[in-house]
There are 2 protein chains.
Amino acid sequence: MTQAIALTVGDVARAAGVAPSAVRFYEQHGVITAIRDSGGRRLFDDSASCRIKVAKLAQRVGLTVREIAELFADLPPSAGTEEWGRMAAALVAESERRLAELRTSLAEMQAGGPLCGVVDRLDQYNESRTSA
Amino acid sequence: MTQAIALTVGDVARAAGVAPSAVRFYEQHGVITAIRDSGGRRLFDDSASCRIKVAKLAQRVGLTVREIAELFADLPPSAGTEEWGRMAAALVAESERRLAELRTSLAEMQAGGPLCGVVDRLDQYNESRTSA
DNA sequence: GCTTGACTTCAACAAAGGTTGAACTTGCAA
DNA sequence: TTGCAAGTTCAACCTTTGTTGAAGTCAAGC
C-alpha cells in the first residue's frame, strides 16, 4: 500500500491527468480539499486525484462541479471504502435517474402523437384538410 | 392533427418552455432550423419546440449543444416518426454508454485498492508498516 | 396613417469551467 | 549560496450557454 501522504498540486495533476490549474480550480470549488505546509503550498492526500477522476466521469453524465462538490461534501474528510462505495452508488443512482427521465420523457412525447413528427409531407397534410 | 405550419420565435419559445433568446441561440447553433418570411422573420414548424425539449433532456445527461446539433443533423429536415425514433434511440444509447463508462470506471477504481480510500487512520497505516 | 407588439441584429453581460501569464516565494541540490 | 523547478496569488482571457438591452423593422388593428 503505497499511499503518499502529502501530494503537491503537480503530483495530483499528474495522477489525475489534468492541468495543475484544474487542481487549484477543483480545490477552490470544494471538489477536493487541501491543507497547507509552512510555505503555503497545498498538500493533498491520494484521495484528491481519485476525486478528480470521479468528478470527470460525473461531468460526462451531466453533473455540474457544484453538484459534484455537494456529493463529495457528504463524504467525511477522510472516508473509508464503504463511504466511497455509498457515494459512488449515489452518483450512479443520480445518473440513472437522469437516464430514466430521458427515457420516460421521450416515451411520453412519442405517445402524444408522432415524436416531434411534423406532418412533413405538406401535400399529404393539405390533402387531409381539403378532403375534410 | 393540429400541426401549425409556421411558428414564430415566440410560438416556439412558449411551446418549448424556454426564452425567445434561447430559441434564436438554438437556431444559430444548428439545433433547430428556420426559414424566413418576406420580412426576415424566422418561421419554424412544430418539430422545433420538440427538438428543444429533447435538447434540454440531452443536456441533462451530459451532451453539449454541439453534440445535440450533430445528433439532429443526421435527421432529415422534416423527419418522420421512424427517423425520430432512431434518433431518440441513439440519444438513449449514448447516455447509456456514458453511464456504463461511469460504472466500469468506478468498478475498476474500486478493484485497484480501496476506492480512493486513503488509509485514513494514520495510526492504523503506521501500525501495519511498523509491524512489517 | 399611426400606434403597438413582436420580430430583427448586434453588442455587452453573466455564470460555469477552466487556462494563461505576471510577479513573487520556497525549498532542494550543486 | 545561488540557481532552478515548482509552488503561490491575482487578473485576464477563453469557451459554452445563454440573457439583456439598444436601435430599428414589420404587420395588424384602430
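All values below come from the heavy atoms of this structure, side chains included, with hydrogens, waters and symmetry mates left out. Throughout, a chain's letter reflects where its sequence line sits, starting with A, and its residues are numbered from 1. Keep in mind the model is a prediction, meaning the values are calculated, not measured.
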Taking only side-chain nitrogens and oxygens of [X], does any of them come within less than 4.0 Å of OP1 or OP2 of [N]?
X     : N      : answer
A:K56 : C:dG18 : yes
A:Q59 : C:dA16 : no
A:R42 : C:dT26 : no

Inset, instruction - Let me know, please, whether B:D37 or A:T8 comes out on the 5' side of the other along DNA chain D by nearest nucleotide. - result: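 Looking at the nearest nucleotide for each, A:T8 comes out on the 5' side.
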Legend entry - Joint cluster assignment, A:L75 & A:V31, ILVMFWY side-chain distance < 4.5 Å: yes
Legend entry - Sorted by number, the residues of residues 14-32 of chain A with heavy-atom contact under 4.0 Å to DNA chain D: A:R24
Legend entry - Donor-acceptor contact present, side-chain B:R103 to main-chain A:V92, <3.5 Å: no
Inset, instruction - Give a yes or no answer on whether the side chain of B:T104 reaches the backbone of B:A100 with a donor-acceptor pair at less than 3.5 Å. - result: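 Between the backbone of B:A100 and the side chain of B:T104 there is a qualifying donor-acceptor contact (under 3.5 Å).
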Can you check the [X] [atom1] to [N] [atom2] distance for me, whole Å?
X     : N      : atom1 : atom2 : result
A:L63 : C:dA16 : CG    : C1'   : 14 Å
B:R36 : D:dT25 : CZ    : C1'   : 13 Å
B:F44 : C:dA6  : CZ    : P     : 17 Å

Legend entry - base_contact_polar (C:dT26 base, A:R41 side chain, donor-acceptor, <3.5 Å):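 In this structure, the two groups form a donor-acceptor pair.
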Inset, instruction - Measure from the side-chain heavy atoms of B:V65 and tell me the nearest of D:dG18, C:dG18, C:dT8. - result: D:dG18
Inset, instruction - Just compare C:dA16, C:dG17, D:dA27 and give me whichever is closest to any side-chain atom of A:R66. - result: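 Out of C:dA16, C:dG17, D:dA27, the nucleotide with an atom closest to A:R66's side chain is C:dA16.
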Inset, instruction - Answer whether the closest heavy-atom distance between the side chains of B:F72 and B:E67 falls below 4.5 Å. - result: no
Legend entry - Heavy-atom pair of closest approach, residues B:L63 and B:R98: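 Looking at all heavy atoms of both residues, the closest pair is N-NH1, 3.9 Å.
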Inset, instruction - Grab the two heavy atoms, one from B:R24 and one from B:V9, that are nearest each other, plus how far apart they are. - result: NH2-CG1, 3.8 Å
